[in-house]
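Beneath this line is the structure, given in structure tokens, with notes to follow.
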Amino acid sequence: MLSRRSLVMLPSLSLTTIRPSPLFFYSFTKFPSTNSHTLRLPLLHPTTTTTQFTRPSPLFFFSSLSATSPIHDSSSSTRLSRKASRKARRESPEGLLKLKLDMCSKHGDVVEALRLYDEALRDGLNLVLLHYNVLLYLCSLDRNRGSHVLNRGFEIFQAMVVNKVVPNEATFTSLARIAAAKEDPEMAFDLIKKMKGFGIVPKLRSYGPALFGFCEKGMAGKAYEVDADMVEAGVVAEEAELSAILKVSGVCNNAHKVYETMHRLRAAVRQVSETTAGVIEDWFKCEEAKKVGLENWDVSKVSEGVVRGGGGWHGQGWLGSGEWRVVRTQMDGTGVCQSCGEKLVCIDIDPKETENFASSLTNVACQREVKADFVRFQEWLQRHGPFDAVVDGANVGLINQHSFKFSQLNMVVKQLRQMSPSKRLPLVILHKNRVTGGPAQHPNNKKLLEHWKNSGALYATPPGSNDDWLKVDKGKSEMVPTGEMENGNLEPYFGEIQMSIGWLEEAVPVKMGEVDAFEGYWLYAAVSCKCLLVTNDEMRDHLFQLLGTSFFPRWKEKHQGLQMKGCILMESGFNELSKIRLSFAQREPTLHMPPPYSIVIQESEKGSWHVPTITGDDLETPRQWLCATRPRDTSL
């Protein structure tokens, strides 16, 4: 049993200082249940009052003060150290409950979590947002439509509303998942609308329960409605969502929507999973697919569409008629399909988009770095550039090594110099610590660094540019549960998070550890010089997400090779032929030339389709493609 203890806390941490939110009042509606009882779900409505309520931080989760706890005066409370305050919070009944719920979340133990919740109610504990979110999250994991756990989830939300606890995006998303588990996507969608009514921005995962629920029920019209709401909210669908829309469109014989979604996949996903490839294959093999398409089309109009789109697609609709021939195949070294004989194309990127990308990168870098440091780097690059190649020195020097090896880095630098039309050294970017300490003190390495420096081919990034960042709520980093951080299970607390990206909402950066040169330096150099970039960084982290446009995935697909045994060599100009991959075998670097075509869904001027899958890597194993063709000679 959890017992209450009277602890001296800072006044700012007392829940008794939080006034009830004027944002909430509620009515009740019947929720369909599988038993004879009806569950009443509180529906929240934003008030029209002008009174504003400041939402509490998602990291501010408990107070140890009970109604009978002695409240000490402000002067004595403020003398407590931060360490003592944190300890007091952890050891309070609410804090102990929070830790136990964290463990339930880690192990997916909803039964124990509900037992702890019932116990907390009996003990009169003050539950706050994080408590409720963990409970709702665990309830949402139950996929049994008749389970009492789902009903308990709505009961917990009802208690949350009655207690004037303000929900956040994670709260509504868990509720939407519970609704979807009850096979009620309509309620899941309604919850999204209410979320928006309170000024809470929905995320992609918020829409999933409603969208997938409608798609599974074959309710294409409602699925399109959710999709349209996503677009209006600025939420970009990913492969799972697009695959679901594609499937329900095919089942409902909506050829126009299938065509539209195929192009959305082309733009957003590039290569598809086996699941999506199966959905596409099913469409081309169905009876409706045989019936749609132009038997005679305007060749010039189709050609104009190809030019306007940059190559690889025309957007003029289905071409041809009759049965589709659908096979799994591969491309030869020149990009010719081994099934139909068509040759794939290399799709260029608009130079203007690249310029905008470089500007966005500069803005992000100046926000994250000391602005003067990055401006100094830009000025240095103008004086010493352009370069034919840029090397992320730390990544190359550490490939397959336990410690940094200048000899390995030098081998790559030499090969790049030989490849260079001007025979110029590539730009090597290293953190200052790499060029002043450790292996850099060895006489041979000193001589090498001096040679690079005198040749204007070495840039040492300054101190402060080597921090890995995790965003947490301002001033509250100590309240992030360490165990949950290590396990990547922060979803119930902070809303959508990808631990590999390391971003949380409405937060400021807190230093978490040391890495090497900030990505912005070598990426900016490669983009601005339109040259080769050598790195093993997959560029999935928050910096690249911050750029906030659809350009970066396309740039990455076009200019990044697959990571194999070694590192990635990317070309940041516009010629796909210059993209190379690097691996190490017997301590010698090997450069792998890329295919002379874009690995992306392509729609030919003759109406055929080629869809790359994620099966295979084009280096050790040939990539699998889906080829869909029709009888030809049907154009004017």
Side-chain angles (χ1 to χ4, degrees), residues 242 246 250 255-272 276-277 279-286 288-350 554 557-558 574-577 594-616 618 622-636:
L242 293 175
L246 184 69
H256 174 75
K257 201 67 178 181
V258 171
Y259 185 82
E260 175 191 297
T261 308
M262 286 286 290
H263 279 292
R264 291 175 67 183
L265 280 169
R266 174 190 56 77
V269 179
R270 320 297 278 173
Q271 302 97 38
V272 304
T276 302
V279 172
I280 295 172
E281 196 168 7
D282 289 343
W283 158 253
F284 282 116
K285 290 180 177 179
C286 77
E288 182 66 19
K290 299 177 184 178
K291 304 174 184 176
V292 298
L294 296 173
E295 294 188 10
N296 299 290
W297 62 87
D298 189 332
V299 175
S300 62
K301 189 175 181 180
V302 170
S303 298
E304 288 173 4
V306 171
V307 173
R308 185 168 55 251
W313 66 286
H314 53 75
Q316 300 302 307
W318 302 110
L319 302 182
S321 62
E323 185 175 355
W324 292 86
R325 179 174 179 269
V326 187
V327 297
R328 297 293 183 104
T329 186
Q330 301 170 4
M331 301 297 151
D332 69 11
T334 63
V336 174
C337 177
Q338 295 185 16
S339 174
C340 69
E342 284 199 15
K343 186 173 184 179
L344 301 187
V345 300
C346 175
I347 304 171
D348 287 338
I349 294 177
D350 188 343
R554 291 185 288 120
E557 184 276 328
K558 181 176 173 58
F574 313 110
N575 185 357
E576 187 82 13
L577 294 174
Y597 53 89
S598 294
I599 305 174
V600 60
I601 296 175
Q602 297 198 22
E603 175 192 34
S604 79
E605 296 183 46
K606 298 177 181 179
S608 63
W609 288 79
H610 290 88
V611 181
T613 71
I614 58 174
T615 302
D618 291 319
R623 183 180 301 277
Q624 295 296 306
W625 289 72
L626 186 66
C627 170
T629 58
R630 267 175 156 169
R632 299 179 185 177
D633 300 327
T634 56
S635 62
L636 292 174

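In what follows, residues are counted from 1 in the order of the sequence shown.
Between S303 and E605, the closest side-chain pair of non-hydrogen atoms falls below 4.5 Å. Residues I601 and P612 have side chains in contact (heavy-atom distance under 4.5 Å, counting atoms from C-beta outward). Side-chain contact between M331 and C337: present, with at least one pair of heavy atoms (C-beta onward) separated by less than 4.5 Å.
Here Q602 contributes atom CD and R266 contributes atom CZ; the two are 9.5 Å apart, rounded to the nearest 0.5 Å. With rounding to the nearest 0.5 angstrom, the CE atom of M262 is 4.5 Å from the CD1 atom of I280. Distance check, rounded to the nearest 0.5 Å: CD1 of I599 to NE2 of H610 gives 14.0 Å. Within the model, atoms CZ of R623 and OG1 of T613 stand 7.0 Å from one another, a figure rounded to the nearest 0.5 Å. Rounded to the nearest 0.5 angstrom, C627 SG and W324 CH2 are separated by 10.0 Å. The CG atom of L626 lies 11.0 Å from the OG1 atom of T615; values are rounded to the nearest 0.5 Å.
Partners of Q316 by side chain to side chain contact (heavy atoms under 4.5 Å, CB included), not counting sequence neighbours, listed by chain and number: K301, V302, R308, H314. For Q330, there are no side chain to side chain donor-acceptor pair (under 3.5 Å) partners two or more places apart in sequence or in a different chain. Residues passing the ring-ring contact (aromatic ring centres under 6.0 Å, His included) test with H263, sequence neighbours excluded: Y259, W313, W609. Residues meeting the side chain to side chain donor-acceptor pair (under 3.5 Å) test with T329, sequence neighbours left out: none. Taking K290 as the reference, E287 meet the side chain to side chain donor-acceptor pair (under 3.5 Å) condition, with sequence neighbours excluded.
The two residues I347 and S598 make their nearest non-hydrogen contact at N-OG, 2.8 Å. Across every non-hydrogen atom of S339 and V327, the tightest pair is OG-CG2, 3.0 Å. The two atoms that bring T629 and C340 nearest to each other are CG2-CB, 3.7 Å, heavy atoms only. Smallest separation of non-hydrogen atoms from A255 and V292: CB-CG1, 3.5 Å. Among all heavy-atom pairs drawn from F284 and V326, the shortest one is CB-CG2, 3.4 Å.
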Given S608 and R630, is the side chain to side chain contact (heavy atoms under 4.5 Å, CB included) satisfied, shown in steps?
CA-CA 7 Å; S608 63; R630 267 175 156 169; over 6 Å; no
Quick one: do T276 and L242 satisfy side chain to side chain contact (heavy atoms under 4.5 Å, CB included)? Show the steps, please.
CA-CA 9 Å; T276 302; L242 293 175; over 6 Å; no
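Counting only residues at least two apart or in different chains, salt bridge (charged side-chain N to carboxylate O under 4.0 Å, His left out) contacts with residues 316-336 comprise E274-R328, E281-R328.
A donor-acceptor pair is defined here as one N or O able to donate and one able to accept, closer than 3.5 Å; no such pair exists between the side chain of T261 and the backbone of L246.
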